[in-house]
Engineer: 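Have a look at this one before I ask anything.
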Amino acid sequence: MTETLRGKVLQASGFHSPKRGAIEAFCDALISIGDDGEIRDFSLPGSAGHDALLDAARRDDRLVSAPRGSILLPGFVDLHIHAPQYAQLGSALDVPLEVWLQKYTFPIEARYADAAFARRAYAVLVDDLLAAGTTTAMYYGTIHDEANRLLADLCIAKGQRALIGKVAMDDPDQCPDYYRDADAAAAVAGTESLIDYIRTHPDNRDRRVLPVVTPRFIPSCTDGLLEDLGALARERDCHIQTHCSESDWEHGYAFTRFGASDTESLDRFGLLRRGAVLGHCNFLSAADMERIRVREAAVAHCPLSNAYFSGAVFPLRAALEKGLHVGLGTDMSAGFAPSIFDSARSAITASRMLESGTDPDLAQDTRSRHAGVRIDFRDAFHLATAGGGAALDLPIGVFRPGFRFDAMLIDPQAPAGSIRLWPEIDDGEQILQKILFTASRANIERVWVDGLARSGTATAAVGLG
Ligand code: GUN
Ligand code: FE
């Protein structure tokens, strides 16, 4: 069984989407992967040097051929996921956001004070996400230093690319006594300590795991903490993540407290910049969108979660056409499916409903004010891969020299899987469309991060190595 593709040349067929709206299909491409997991060369049959590369790889015993019929895709990027909430996956979906936090979510997150519980829950999560094709995850942790370090240890040990934040939340008005940073200074100290832990981790020299400055959202943070975290992100040159204009309540909260939108308020605190990822952004004004674009921050679109907690659909197409960075998030467990396949499907479905409108009592021509806003599987696939990579400003999501080899191999014929292709019917992009809509875990044969096999069931019997 081939555990690594480092130093090898992979011959495979598949798809990627370097540009939104366009899918590039490749057949028997040769992908040369360096000893460090970076893609050195991507070569199509018939292109200059292809035959020489194939001959040399064969001669040096460096050629690895993917099984015939298998499909290579870039690994998926989950831009917004709450690691501790895995313990309540598939439950607690019956109340509005502000009630959900107090009634279910803060209590479950508080349990991660117990390091043994954290280790158990996080180990399952990281394994499950890798098996689902999520090669990069941007995680919210909890307020607990030890549990956050454990999550980092597990991502490093299991080889998932991860961006991890200590959740900062110090405002006694919104956060319960049993689950709150003692004060702004404690939240900043915890954040700095996780930054140092991750950046100096002896097994993280290649920086596959990165720290994230993580004010939970404006309502849970005092002004002083927001200010300090903005300064810290700038000084330590860190990614940032937070929630922005997620629900009517949250969107209204910033106006009441600051007389300005979430977006504008975050900007005032220095929290909008390249590498900042804002979850949701459902209620943005045109000025908010423009501000996010100018700051080169990104939106994590979490369509499934929005159906339960937002009461509105993010105007995805408008954001894309304005040139904002956008990728997909599961927002697990507000989103009950910890799979970017599901997020992609939900993004397509939500855009269709925004376009059509949803009130059957209205005539068709007045049911929606949003013409032409649907996205299709091409856009969704791009957002799940290259779009997520660009949002994070990381070289991932595309099979191109200089990018990391983060990928999954789909077996469309896995008997326990859920893809059914018909050779006389399916070809070209249709195959990708069917994969995107119908794949399940059993179809994900193998997952690599940085050229190292991280999950999957492939054995010598199916020809990989
Ligand atoms: N806003 C603040 N915290 C959270 C959270 O954990 N999930 C979601 N969906 N929204 C939030
Ligand atoms: Fe969230």
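Indexing begins at 1, ligand by ligand and atom by atom, following the structure's order. Here the structure is a predicted model, which means the values were calculated and not measured. The basis for the numbers below is simple: all heavy atoms, side chains too, and nothing from hydrogens, waters or symmetry mates.
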Engineer: Consider only side-chain N and O atoms of Tyr104 and Asp94, and report whether a donor and an acceptor are under 3.5 Å apart.
Structural biologist: yes
Engineer: For Asp78 and Thr330, test the side chains for any donor-to-acceptor distance below 3.5 angstrom and give the result as yes or no.
Structural biologist: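 Indeed, the side chains of Asp78 and Thr330 share at least one donor-acceptor pair under 3.5 Å.
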Engineer: Suppose we screen for side-chain hydrogen bond (donor to acceptor under 3.5 Å, both in side chains). Which residues come up paired with His144, at least two apart in sequence or across chains?
Structural biologist: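 Applying side-chain hydrogen bond (donor to acceptor under 3.5 Å, both in side chains) to His144 gives Thr142.
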Engineer: For ligand 1, what are the residues with a heavy-atom contact below 4.0 Å?
Structural biologist: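 Within 4.0 Å of ligand 1, the protein residues are His82, Gln85, Leu97, Trp100, Leu101, Arg216, Phe217, His243, Glu246, His280, Asp331, Ala334.
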Engineer: Apply ring-ring contact (aromatic ring centres under 6.0 Å, His included) to Phe258 and Phe269, showing your working.
Structural biologist: CA-CA 12 Å; Phe258 295 124; Phe269 289 112; 5.6 Å; yes
Engineer: Please, which pairs that meet ring pair (Phe, Tyr, Trp, His ring centres under 6.0 Å) have at least one residue in residues 185-205, sequence neighbours excluded?
Structural biologist: Tyr197-His201
Engineer: Please check if any side-chain donor atom of Thr222 sits under 3.5 Å from a side-chain acceptor atom of Asp171, or the reverse.
Structural biologist: no
Engineer: Please determine whether a side-chain nitrogen of the Lys or Arg among Arg317 and Glu355 lies less than 4.0 Å from a carboxylate oxygen of the Asp or Glu.
Structural biologist: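 Judged by the 4.0 Å cut-off on N to carboxylate O distance, Arg317 and Glu355 do not form a salt bridge.
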Engineer: For the residue pair Ile218 and Leu226, establish whether any side-chain heavy-atom pair is separated by less than 4.5 Å.
Structural biologist: yes
Engineer: Side chains of His243 and His80: do they bring a donor and an acceptor to under 3.5 Å?
Structural biologist: yes
Engineer: Starting from the Fe ion (ligand 2), count all protein N, O or S atoms within a radius below 2.8 Å.
Structural biologist: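 Protein N, O or S neighbours of the Fe ion (ligand 2) under 2.8 Å, waters not counted, come to 4.
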